[in-house]
Each structure stands twice: as C-alpha cells, then as structure tokens.
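Predicted, not measured: the structure shown is a model, and the values here were computed from it.
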Amino acid sequence: MEVTRIQLGEGVYLTYLPARKFKTSLLSAQFVTPLRPETVSGNALLPAILRRGTVSCPDLGSLSARLDTLYGTRIDYTVRKKGENQCVGFVASFIDDSFTPGREKLLEPVAELLGELVCDPVTQHGRFVPAYFESEKTNLIDAIRSIVNDKRDYADARLLQEMCAGEPYGISRLGSEKQAERLQPQKLYAQYGKLIATSQLELFYSGSAALERVERALRSAFSTLPREGIREIALAADHPKPPAPKLVEEEMDVTQGKLGMGFTCGSDDTAALLMGNTLFGGSSNSKLFLNVREKLSLCYFASSVYHRQKGIITVSSGIEFENYQKAYDEIMRQLEAVQKGELEDWELESARSVLLSAYASMGDSQGKMENFYIGQAATGQEETPELLARQVREVSLQRIMDAMATVSLDTVYFLKGKEAQA
C-alpha cells in the first residue's frame, strides 16, 4: 500500500493513502500538541465546543442540515493520546466520489466544512458561546468521572499515573476532574487560538481522489489557519528505571481486585519486544492467558500491552483479593519463561501470526489506518504496517530472549476491597 506524506505549509502535513476499494472516503484533521497538566483538559474540551457550530452554521441543527446536503457526511471530534502528545481534531467520513449520484464531488465541500470548524467557530462577544462552553464542560467532567465506573480501565490508568508520575506519559488524554472544573471561557478561547497557531497539524486522507486534488482542497480549506511559532512534537523520553519496584495499593468498594504491573524495557529492538509481549500476554494464546487465567484460574482476565513509544510493558489482571501473591508470582514466572525462551514452536508461530494478521487487516479499515498513521506522525515514527510485518517475520527466538531479558519490574498497582488483605 503506497503512502505519500507531504508538507502543505508551515507545520501542516498531509498523509495521503489512495484507496479505491471503499465506498467511503475519510478525511482527518488533528492538532498534535505536547501533553501538559495545565492544558490537557482545555485541549480535550476544545473540539467538542468547535463541533457545536461555525459562523455559517451556528448551531447543531444548521450543521446537521449542511451535513445532510452532503449525503449524510459524518464528522466526529476526537481526543487521543499518542506517545507524550495529545491529538485533538476531527474525522470526517463521506461517500466516495465514485459512488455519489452523478459523481458529485464531496471532497471539496467536506474539506471546507472541516476548515470552518477549525478556523471559523461561532463566537459571542469574542469568546465561545457560553451555553456551548458550559454544556461541553459538563460533558467532559462527566466523562472523566465515569472512568472509575470501569474498574479495569481505571486501574490501567492509575498504573500509568503511578509508574510515569511526573512524566507526560502518565497524564490522561482528558486530564483530571480538578483541571476540567477550573476551565474558564475567556482563557479557553485564548488557548484555542494558541493551539491552532502553534501546533503541528496532521491531515490524513483515504479515498479515490488524486493527490493533487486533495492537496488543493485542503490548502483552500485551511488557507486562514494562523501559523506562528510552530512547536515541535514531543518525542517520548526514556522512562527512568527506579532503584526498586514501587508498590501502590488503593482501596475501593469493589468485589474483584485489579492487579496492574508495569515493566521497563531496556532494549530498542521493537520487533523483538512486540513478539515478546505477544508471547507474554498480548494474545489469547499467550502465557498469561493460557496459564494464569485458563490453567491455574488465578485471574478473571490477564493481558499485557507493549507501549513502544515509551518502552514499557503493562500487565492488566482481575483477581480475587486473596490470590494477590499467587497471581503476582505466576505473572513473574511467565515473564521469566519468555525471557528464558521456554516456548513451544507453536507458541512462537502463533504470536507471529497474531501480529502479521493485525498488520495485514489494517488495510481493510480506513479508521484503523488513520489511527495508525496519525500515531506515527505524532510520535515521530515512519514505519508502515508492511515494514513492521517484515521486521516481525525476521525476528528470531534469540532476539526475543535478548530483548525480553531487559524487561524488569517497575511498579505494582493493586486495587482491592476495603476489607481485603493482600
């Protein structure tokens, strides 16, 4: 799959992915800005407010009517965390020109509307419409509060907060409730102006239109975008290995414990760590799933994630409170098995197949491709899915063992019931 990346202006880049097998086109506009405690909640709130209306379509009713004239085009706002950057913006999905009645062109009007949402929002007295601000601020606070309702997600987030305390990687994509409550209309409007003027803008297109046409449409749509003192994207700093593992326990009114474990990786062999993590806990054929969960029944769930932008691995598991030590010991034992290469041939090939299938299927979803390439641009990486797949094919067992040998325990987070004893 041939991908083209070009610069359209100062700090403005387009990733172009020609695709004729889809009935839709996808167009994305994402501002990439460093994760900072003082700006993260405001940045998370901005696209929700901007999506409420533009000068030409000042409310959701008129905006929906305009989208209806574009054959039901959909524009969603997004708030994502990529490495140590926050990506905020919009993703538009619309009928590809090859399938519209009379081959009507939708790329240009959709791009124009995206440009309006970013550059020409509806305002009142030099700030955002108060009703829109208050409504979306309430929604943001509710979203932050609701994280605790899913204890698995909550425990995963708390593990990263504790493990990466003082580092941008430990910051939630939405920020905290306290940060959100402090947001004020006038200051947020000033933050909006700074965000669109100084942040790198990543544009992504997938569809049948020629590159030259996409380039023209986007240059026109964002012709009024202010550009001043563009900041570089924040490349994730190496996570410092602590002198000794940190244990954090938290009590809540829960019936199931959540054991999270964070590990530092001392290797830069990405392909080997991808394979090692998949063998450890990254698939349904992994050591954690088959042994800790299925064979020994120590966990309701057990899986691991390799955060390659940060060089860490995190384990997420749900356990009975009294099984804390048994689960902890067995998770460490399974990691050691991968480090020592105690693997059957089928395990190695199964892990390789899982990764290769994931990379191969990426081309079947425009959303997955957009998320992948925006993530690559936001973290300063250039590998394509095809290149990553080739690297995975070439990984030997010895490389996996060498890379995983550098993995060491950093932080343990245990969420337990108020009466439980570890």
Side-chain angles (χ1 to χ4, degrees), residues 4-19 22-32 46-78 87-123 128-129 132 189 192-193 195-197 199-227 366-367 370 373-374:
T4 303
R5 178 173 162 83
I6 60 174
Q7 185 170 355
L8 299 185
E10 186 180 2
V12 181
Y13 299 88
L14 166 65
T15 298
Y16 170 79
L17 189 64
F22 301 107
K23 292 185 178 181
T24 57
S25 291
L26 187 145
L27 187 60
S28 173
Q30 303 291 319
F31 288 96
V32 183
L46 282 172
I49 294 177
L50 296 176
R51 181 60 179 77
R52 294 293 294 265
T54 69
V55 170
S56 64
C57 300
D59 52 47
L60 286 175
S62 56
L63 194 56
S64 295
R66 184 164 171 184
L67 290 170
D68 287 343
T69 67
L70 300 175
Y71 299 96
T73 290
R74 179 172 177 171
I75 298 180
D76 297 312
Y77 73 84
T78 57
C87 299
V88 296
F90 302 98
V91 176
S93 180
F94 52 99
I95 300 175
D96 193 87
D97 292 353
S98 304
F99 297 93
T100 54
R103 296 291 182 102
E104 182 178 346
K105 291 179 169 55
L106 294 185
L107 169 63
E108 286 77 6
V110 171
E112 180 184 358
L113 182 52
L114 273 182
E116 287 183 33
L117 287 170
V118 170
C119 302
D120 206 13
V122 59
T123 59
F128 294 120
V129 176
Y132 296 172
Y189 191 75
Y192 152 75
L195 175 74
I196 68 169
S199 299
Q200 185 166 305
L201 175 59
E202 289 291 338
L203 303 168
F204 175 91
Y205 171 81
S206 173
S208 67
L211 173 59
E212 294 76 13
R213 182 179 157 208
V214 177
E215 184 179 348
R216 283 197 305 272
L218 291 173
R219 285 186 185 276
S220 173
F222 291 93
S223 60
T224 61
L225 181 71
R227 299 275 83 188
Q366 289 174 307
E370 184 269 350
Y373 282 106
I374 293 297

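With sequence neighbours left out, the side-chain contact (heavy atoms from CB on, under 4.5 Å) criterion links A111 to L27, A217, L218, A221. In this view, Y189 and F128, Y192 satisfy the ring pair (Phe, Tyr, Trp, His ring centres under 6.0 Å) rule, not counting sequence neighbours. The salt bridge (charged side-chain N to carboxylate O under 4.0 Å, His left out) test applied to D59 returns no partner, not counting sequence neighbours. Judged as a salt bridge (charged side-chain N to carboxylate O under 4.0 Å, His left out), and not counting sequence neighbours, R227 has no contacts. For T24, the side chain to side chain donor-acceptor pair (under 3.5 Å) partners two or more places apart in sequence, or in a different chain, are Q366. In terms of the side chain to side chain donor-acceptor pair (under 3.5 Å) criterion, residue partners of E104 (sequence neighbours excluded) are, by chain and number, Y71. For T54, the side chain to side chain donor-acceptor pair (under 3.5 Å) partners are S56, E116, not counting sequence neighbours. Partners of D97 by salt bridge (charged side-chain N to carboxylate O under 4.0 Å, His left out), not counting sequence neighbours, listed by chain and number: R213. In this view, F94 satisfies the ring pair (Phe, Tyr, Trp, His ring centres under 6.0 Å) rule with no residue, not counting sequence neighbours. Residues passing the side chain to side chain donor-acceptor pair (under 3.5 Å) test with D76 are R74, sequence neighbours excluded. The side-chain contact (heavy atoms from CB on, under 4.5 Å) check on T224 picks up C119, with sequence neighbours excluded. Not counting sequence neighbours, the partners of R52 by the salt bridge (charged side-chain N to carboxylate O under 4.0 Å, His left out) test are E136.
Remark: L70 CG to L113 CG distance equals 7.0 Å, nearest 0.5 Å. Between atom CG of residue L60 and atom CG of residue L67 there is a gap of 10.0 Å, rounded to the nearest 0.5 Å. Rounding to the nearest 0.5 Å gives a distance of 5.0 Å between CG of L17 and CZ of F204.
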- Task: Kindly indicate, with the supporting measurements, whether the criterion side-chain contact (heavy atoms from CB on, under 4.5 Å) is fulfilled by L8 and L201.
- Result: CA-CA 10 Å; L8 299 185; L201 175 59; over 6 Å; no
- Task: Under the side-chain contact (heavy atoms from CB on, under 4.5 Å) rule, what do L195 and V88 come out as? Steps first, then yes or no, please.
- Result: CA-CA 10 Å; L195 175 74; V88 296; 3.9 Å; yes
- What's the verdict on side-chain contact (heavy atoms from CB on, under 4.5 Å) for D96 and K23, showing C-alpha distance, side-chain angles and the deciding distance? CA-CA 6 Å; D96 193 87; K23 292 185 178 181; 5.8 Å; no
- Task: Kindly determine whether E370 and S206 satisfy side chain to side chain donor-acceptor pair (under 3.5 Å), including the steps that lead there.
- Result: CA-CA 8 Å; E370 184 269 350; S206 173; over 6 Å; no
- Audit row: L107, Y205, side-chain contact (heavy atoms from CB on, under 4.5 Å) steps and yes/no: CA-CA 10 Å; L107 169 63; Y205 171 81; 4.0 Å; yes
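Of all non-hydrogen atoms in C87 and I374, the two that sit nearest each other are SG-CG2, 4.2 Å. Closest approach of R103 and S98 over heavy atoms only: NE-O, 3.5 Å. Contact detail for Y132 and P58: the closest heavy-atom pair is OH-O, 2.7 Å. Between Y16 and A209, the closest heavy-atom pair is OH-O, 2.6 Å. Here the shortest heavy-atom pairing between L203 and V12 reads CD1-CG1, 3.9 Å. The two residues V118 and L225 come nearest to each other via the heavy atoms CG1-CD1, 4.1 Å.
No more than 12 heavy atoms of other residues, nucleotides or ligands sit less than 6.0 Å from atom OH of Y77.
A side-chain contact (heavy atoms from CB on, under 4.5 Å) with L63 holds for exactly one of L117, V122, I75; it is L117.
Checked by atom type and distance alone, the side chain of R51 never pairs as donor or acceptor with a backbone atom of F90 at under 3.5 Å.
Side chains of T78 and P47 form no contact here, defined as non-hydrogen atoms less than 4.5 Å apart. Considering only heavy atoms from C-beta on, I6 comes within 4.5 Å of L211 through its side chain.
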